[in-house]
Amino acid sequence: MEEGELVSSGSFRVDRKRALELLARFQLEDARLFILPWLRCAVASGASELSLAPSYGSLELRFNGRPFNGAELADPYACLFTEDDPALRRNRELALGLLALLRLEPAPILIVSGPAQGRVQLIVESLERERISLVRGLDEGTVIRVEQGGNRVPVWGSASDSALSRSLALCPLVVRSAGSAVAVPKAPAGPWLAKIESRSLRGWVAPPEDAGGTSFVETHALGVRVGRQGFRGPRVPFSAGLNDDRFKLNASQSSVVQDEIWAAAVRRAGRSAERLLLRALAEQGPRMEEVSRLLTERWALELWRKSLGGSGEGSPGALKPARGLLGAAARRIGGALGPSRE
């Protein structure tokens, strides 16, 4: 790639630098997770694939989709000081990745993007200084190159690979690293699983992990895992994996803001959980006579107790949460609501 005409260079005002430092300090507890905002940036850009070329202490990232133009790259942080505009979501994710990465004090970060006849190169040296220029070359899409700085802190490693893989369960991108597809966590499967597919919300809902009445959701935004959130409140507890590209993240990007979009997603998952419970009750009813007969056999009674978490004879306490959960839920749903609608 050949360097061309210098378009602009400059420094941030002191007050903006301090604001960016504050943003960087409170987002992404581990700065090595800078890749997560850039994955969301790729999805928001309409990319279909993203490739990584890691080597010891360095990384090259490429994705297709809509490229960035010179005006967008001239001030990569401007979007962080404007109202929350969905049209600027990809710009915000690009900026957040830069803020996280700069905490590792890397060598200057190189970003090349733009259409084939108008490629633009941005070099980010620090929060205070960046340079942008026009370039000529055969690259397509958006390319980001990162190398470790003089402090010798690697910008990529085995922990980065693990974090990347854990984050892709609901990602629409094909992600490759060193030429090979990145292993993606297997989606839950089985008869007691409800899939959710709508214009904005997608994922799965399953029975709760325990009978304590707490629901747990693996949250994803723009196809990238955010975190695990537990809460109480739905009539029927559940476990779920949910992605909504409209989810807003907190300052640390570790959880989804519990606004109306979040509440609507939880309600939708709760309705799926109600239907799962009603189906379970309907299927188990006809089997109870046979179960009752089997439980007169000592070996079957012991096996049943152990399967529910008890320790055998004299320890029926483990049965109470399950009995209470099913009984209360069945009374509320079957007696008052009937099957819920989408």
Chemist: Roughly how far apart are H220 NE2 and L170 CG, rounded to 0.5 Å?
Modeler: 4.0 Å
Chemist: I'd like to know if the side chain of S48 pairs up with that of N64 as donor and acceptor (distance under 3.5 Å, no hydrogens or angles considered).
Modeler: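 Per modelled atom types, S48 and N64 side chains form a pair under 3.5 Å.
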Chemist: Just wondering, are more than 12 heavy atoms of other shown residues or ligands nearer than 6.0 Å to CD in E29?
Modeler: no
Chemist: With hydrophobic residues grouped by side-chain heavy-atom distances under 4.5 Å, do L201 and V224 end up in a single group?
Modeler: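 Not linked; separate clusters.
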Chemist: What I want to check is whether the side chains of S45 and R90 have a donor and an acceptor closer together than 3.5 Å.
Modeler: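 Judged by distance alone, the side chains do pair up.
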Chemist: Within the supplied structure, the quantity of interest is the number of heavy atoms (other residues, nucleotides, ligands) at a distance under 6.0 Å from R225 CZ; does it exceed 12?
Modeler: yes
Chemist: For this output row, return yes or no: ring centroids of F231 and W262 closer than 6.0 angstrom.
Modeler: yes
Chemist: Salt bridge or not for R62 and E60, using N-O below 4.0 Å?
Modeler: yes
Chemist: Does R267 come within less than 4.0 Å of E274, counting only side-chain N to carboxylate O?
Modeler: no
Chemist: Given I111, which of L61, L94, V120, V143 fulfils the side chain to side chain contact (heavy atoms under 4.5 Å, CB included) condition?
Modeler: L94
Chemist: Regarding E72 and N91, do their side chains bring together a donor and an acceptor under 3.5 Å, going by distance alone?
Modeler: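 There is such a pair between these side chains.
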Chemist: Quick check: do E49 and V175 have side-chain heavy atoms less than 4.5 Å from each other?
Modeler: no
Chemist: List the steps and the verdict of side-chain contact (heavy atoms from CB on, under 4.5 Å) for L168 and V182.
Modeler: CA-CA 9 Å; L168 300 178; V182 175; 3.8 Å; yes
Chemist: Does E147 CD have over 12 foreign heavy atoms under 6.0 Å away?
Modeler: no
Chemist: Passes salt bridge (Lys or Arg N to Asp or Glu O under 4.0 Å), E21 versus R25? Steps please.
Modeler: CA-CA 6 Å; E21 287 175 342; R25 190 181 311 155; 5.1 Å; no
Chemist: Is a donor on one side and an acceptor on the other found under 3.5 Å between the side chain of R176 and the backbone of A53?
Modeler: no
Chemist: Hydrogens and angles aside, do S55 and S58 bring a side-chain donor and acceptor to less than 3.5 Å of each other?
Modeler: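 Yes.
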Chemist: Kindly indicate, with the supporting measurements, whether the criterion salt bridge (Lys or Arg N to Asp or Glu O under 4.0 Å) is fulfilled by R66 and E140.
Modeler: CA-CA 10 Å; R66 183 160 60 97; E140 296 182 352; over 6 Å; no
